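As the structure is a prediction and not an experimental result, all values here were calculated from the model.
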Amino acid sequence: MFRLKNTLTRTKEEFKPLEDNLVRMYACGPTVYDYGHIGNFRTFVAVDILRRYLKYLGYRVQHVMNITDVEDKIIRDMKAAGKSLREFTEFYTQEFLDDLDRLNIERPEVIPRATEHISEMSELVERLQEGGKTYASDGSVYFSISSFPQYGRLSGLKLEGNLAGARVDVDEYDKADARDFVLWKAPKDPDEPSWETEFGPGRPGWHLECSAMSMKYLGESFDIHCGGVDLIFPHHENEIAQSEAATGKTFVHTWFHVEFLQVEGERMSKSKGNFYTVRDLVDKGFSPDVIRYLLLSAPYNTQLNFTIDGLRGAASSLERLRNLRRRLAELAAAEGSDSSAIVAVKNAESGFAAGMDDDLNTSAALAAIFDMVRELNTALDEGKVLEDDRKAALEVFKKIDSVLGVLGPLEKPMLDPEIESLIEQRNMARRERKFARADEIRAELLARGIVLEDTPQGTKWRRK
RNA sequence: GGCGGCGUAGCCAAGUGGUAAGGCAGAGGUCUGCAAAACCUUUAUCCGUCGGUUCGAUUCCGACCGCCGCCUCCA
């Protein structure tokens with residue numbers, strides 16, 4: 001039984017899709033005005049784990065993630081860059097999608113852009129207008145919180161007294177109530193990107209696009225809405241208000257929020273110099289697999305401390321998993337099965353699922369896998385892994401990696417005549433007990449990133 | 001000020017009302033010509049501090065200390 005924490009109820013609930021076997025989920029995507037950073041990708045990796053585990057469980061998944069390609073910071077930076085909106089956002093959109101690919105994050109089924117859904121958004125505003133949930137001021141359209149009594153349920157914030165206080169209205173727009181939020185923004189400058197609508201020229205407020213696009217692609221009620229914890233308020237609170245005020249239906253069943261990460265024990269920020277993009281880390285020599293492993297190694301709902309040491313550790317952990325997988329793949333096993341091996345494999349599979357079933361507890365799931373790693377390595381040392389065990393173990397690796405997505409394809413035994421020849425020379429030297437020469441060859445290969453292992457089955461090599 | 005979360009070995013971290021998973025790093029060992037890989041042993045008499053409830057608490061309650069987040073754009 002898959003249990004998932006729902007921010008709305010603050011409890012782990014048994015997950016059941018609204019519609020038989022289909023899970024409809026939405027994830028708040030990036031605002032494309034800069035490269036994504038490692039904190040962003042923690043969220044997207046977590047959402048990816050969720051979607052992959054749903055598929056592991058046999059559900060069909062319809063997953064939508066928006067691209068916010070019109071917004072205040074975008075306008076600010078595109079002007080500074082002297083580029084058109086489209087030109088500016090297309091660049092960072094592409095970079096974002098590339099990072100997704102590098103981190104082996106599956107592409108959502110639909111990746112809609114805000115600027116391509118202006119009509120859906122204006123229709124939603126009209127619907128709210130007809131219901132008397134809005135008011136206009138200075139050419140902008142606002143949502144009236146007083147028309148939605150349930151406001152604040154998701155975040156648990158009591159806004160009545162609070163927001164009326166000091167920190168109100170950073171916005172230059174006039175609002176009737178400090179808690180109200182803008183649906184449609186009138187242009188401040190004539191050269192701002194703007195679209196014509198029934199209620200005048202302007203651009204969408206931030207919250208509007210997610211409501212309009214999620215409902216377009218997933219329906220007025222859907223299963224899971226994902227995002228970072230910082231989006232709980234006000235973004236998701238406002239999405240609920242405008243969506244439910246328009247439809248009268250429950251907008252989302254389960255709200256899934258991913259915790260922030262820290263970097264080297266501190267909040268990540270550009271001023272602290274601990275602000276990493278994926279490309280930064282790749283430049284430091286860490287592969288995207290390793291980054292992904294570290295990001296998913298702690299449960300999504302805890303504040304993970306992301307460190308460079310942690311990346312090194314993640315690299316070692318990952319190598320250990322791959323070593324076992326390769327060892328199994330290369331094994332020429334006798335027919336049959338050995339009980340200790342097969343029990344280890346079965347326990348890993350059930351332990352993995354048990355961990356994941358418990359609100360995607362990846363730490364517990366990984367622990368189950370590492371138990372198997374130890375047991376199978378021992379069994380291999382003792383020659384107790386037979387053909388059926390070998391196949392079952394490789395199958396389990398494949399299954400868990402369909403969720404974790406860190407192991408990559410099984411590397412084929414590589415053939416390289418030059419390396420083979422050097423290994424043969426080294427083995428000849430070893431037979432003649434000319435170890436100095438043998439070690440020289442080994443060091444030479446290591447310098448080229450080739451690691452040698454002398455095993456009872458002969459000398460094996462792999463790339464480091 | 002309001003609300004929420006966290007504090008477990010050198011590091012990352014799971015977890016439970018009955019006495020501490022897993023990973024990384026370190027040390028010792030087995031194997032090896034030496035390595036590598038792998039395995040074994042070892043590293044928290046104790047889970048921020050102080051009280052309380054309980055036969056028993058790291059796990060529940062309270063206070064305190066420290067850290068983080070939200071309350072404003074933010075993954």
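If you take CG of A:Leu324 and C1' of B:G22, they are 16 Å apart, rounded to a whole angstrom. Spacing between atom CD of A:Glu266 and atom P of B:C6 amounts to 22 Å, rounded to whole angstrom units. Per the geometry, CG belonging to A:Asp381 stands 13 Å off C1' belonging to B:U32, to the nearest Å. What separates CZ of A:Phe181 from P of B:C71 is a distance of 16 Å, to the nearest Å. We find that CD1 of A:Ile423 is positioned 20 Å from P of B:A35, with the value rounded to whole Å. Note: CZ (A:Arg430) to C1' (B:A35) measures 9 Å, nearest angstrom. What separates CZ of A:Phe286 from C1' of B:C24 is a distance of 13 Å, to the nearest Å. Atom CZ in A:Arg267 sits about 9 Å away from atom C1' in B:C68, given to the nearest Å.
For B:G33, its base sits under 3.5 Å from the side chain of A:Asp439 at one donor and acceptor pair at least.
The aromatic ring of A:Phe260 sits over the base of B:A75, with ring centres less than 5.5 Å apart and planes tilted by under 30°. Taking a centre distance below 5.5 Å and an interplanar angle below 30 degrees as the stacking criterion, A:Phe370 does not stack against the six-membered base ring of B:G22.
Among the heavy atoms of the strands, none lies under 4.0 Å from A:Val258. At a threshold of 4.0 angstrom between heavy atoms, the contacts of A:Leu261 include nucleobase atoms, whether or not backbone atoms are also involved. As judged by a 4.0 angstrom heavy-atom cut-off over every strand, A:Pro30 is placed among residues making no nucleic acid contact. Residue contacts for A:Arg374: at a heavy-atom cut-off of 4.0 Å it reaches the sugar-phosphate backbone alone, with no base atom in range. No contact: A:Met372 has no heavy atom under 4.0 Å from any strand. Residue A:Leu452 is in base contact, counting any heavy-atom pair closer than 4.0 Å across all strands shown. No engagement by A:His235 is indicated, since no non-hydrogen atom pair under 4.0 Å with the nucleic acid exists. Residue A:Asp72 is out of contact with every strand shown, counting any heavy-atom pair closer than 4.0 Å. Here A:Asp454 lies in heavy-atom contact (under 4.0 Å) with a base. Residue A:Arg442 is classed as a base contact, given a heavy-atom separation below 4.0 Å to a base.
B:G23 and B:C55 have their C1' atoms separated by 37 Å, given to the nearest Å. Comparing B:C11 with B:G51, their P atoms are spaced 26 Å from each other, to the whole Å. Look at the P atom in both B:A21 and B:U58: the space between them is 15 Å, to the nearest Å. A gap of 12 Å separates the P atoms of B:C64 and B:G2, to the nearest Å. Going from the P atom of B:U16 to that of B:A36 covers 39 Å, rounded to whole Å. When the P atom is used for both B:U42 and B:U8, the distance is 24 Å, rounded to whole Å. Using C1' as the reference atom, B:U19 and B:U59 are 11 Å apart when rounded to the nearest Å.
Comparing B:A75, B:C39, B:C24 by their closest approach to the side chain of A:Asn377 singles out B:C39. When distances run from any side-chain atom of A:Gln262 to the nucleotides B:C68, B:A75, B:A14, the shortest one goes to B:C68. Side-chain proximity of A:Arg426 to the nucleotides B:A38, B:C73, B:C34 is greatest for B:C34. Taking the side chain of A:Glu453 as heavy atoms from C-beta on, and the options B:A36, B:G22, B:A75, the nearest nucleotide is B:A36. Among the nucleotides B:C70, B:A75, B:G33, the one closest to the side chain of A:Ala438 is B:G33. The listed nucleotides are B:C71, B:G69, B:C73; the one nearest the side chain of A:Phe233 is B:C71.
Using a 4.0 Å cut-off, some side-chain N or O of A:Arg320 falls inside it from OP1 or OP2 of B:C39. Taking 4.0 angstrom as the limit, A:Trp461 places none of its side-chain polar atoms (N or O) nearer than this to OP1 or OP2 of B:A36. OP1 or OP2 of B:A25 sits under 4.0 Å from a side-chain N or O of A:Ser316.
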Report task. Kindly express the pairing pattern of RNA chain B in dot-bracket notation, using | wherever a base pairs with another strand and counting only Watson-Crick or G-U pairs under 3.5 Å. Result -> (((((((..(((.....[...))).(((((.......))))).....(((((..]....))))))))))))....
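The side-chain heavy atoms of A:Arg437 and A:Gln425, taken from C-beta on, include a pair separated by under 4.5 Å. In this structure, the side chains of A:Met65 and A:Cys226 stay at 4.5 Å or more apart for every pair of heavy atoms. The shortest distance between side-chain heavy atoms of A:Met356 and A:Tyr56 does not fall below 4.5 Å. A:Lys12 is not listed as a side-chain neighbour of A:Asn6, based on a closest heavy-atom distance of 4.5 Å or more. For the pair A:Asn66 and A:Tyr26, the minimum side-chain heavy-atom distance is below 4.5 Å.
Residues A:His117 and A:Tyr217 bring their aromatic ring centres within 6.0 Å. Side-chain rings of A:Phe181 and A:Tyr142 stay apart, their centers remaining 6.0 Å or farther from each other. When ring centroids are compared, A:Phe96 and A:Tyr92 stay outside the 6.0 Å threshold.
A donor-acceptor contact under 3.5 angstrom links the side chains of A:Thr7 and A:His257, judged on distance only.
For the segment residues 300-310 of chain A, the set of residues with a heavy atom within less than 4.0 Å of an atom of RNA chain B comprises A:Thr302, A:Gln303, A:Leu304, A:Asn305, in numerical order.
In this structure, A:Lys185 does not pair ionically with A:Glu192, as no charged nitrogen and carboxylate oxygen lie closer than 4.0 Å. Classification of A:Asp72 and A:Arg203 as a salt-bridged pair holds, one side-chain N sitting under 4.0 Å from a carboxylate O. Note on A:Arg107 versus A:Asp48: no salt bridge recorded, every NZ/NE/NH1/NH2 to OD/OE distance being 4.0 Å or above.
At distances below 3.5 Å, not a single donor-acceptor pair connects side-chain atoms of A:Asp138 with backbone N or O atoms of A:Ser140.
Annotation: of the two residues near RNA chain B, A:Ile38 and A:Arg10, the 5′-most nearest-nucleotide partner is A:Arg10.
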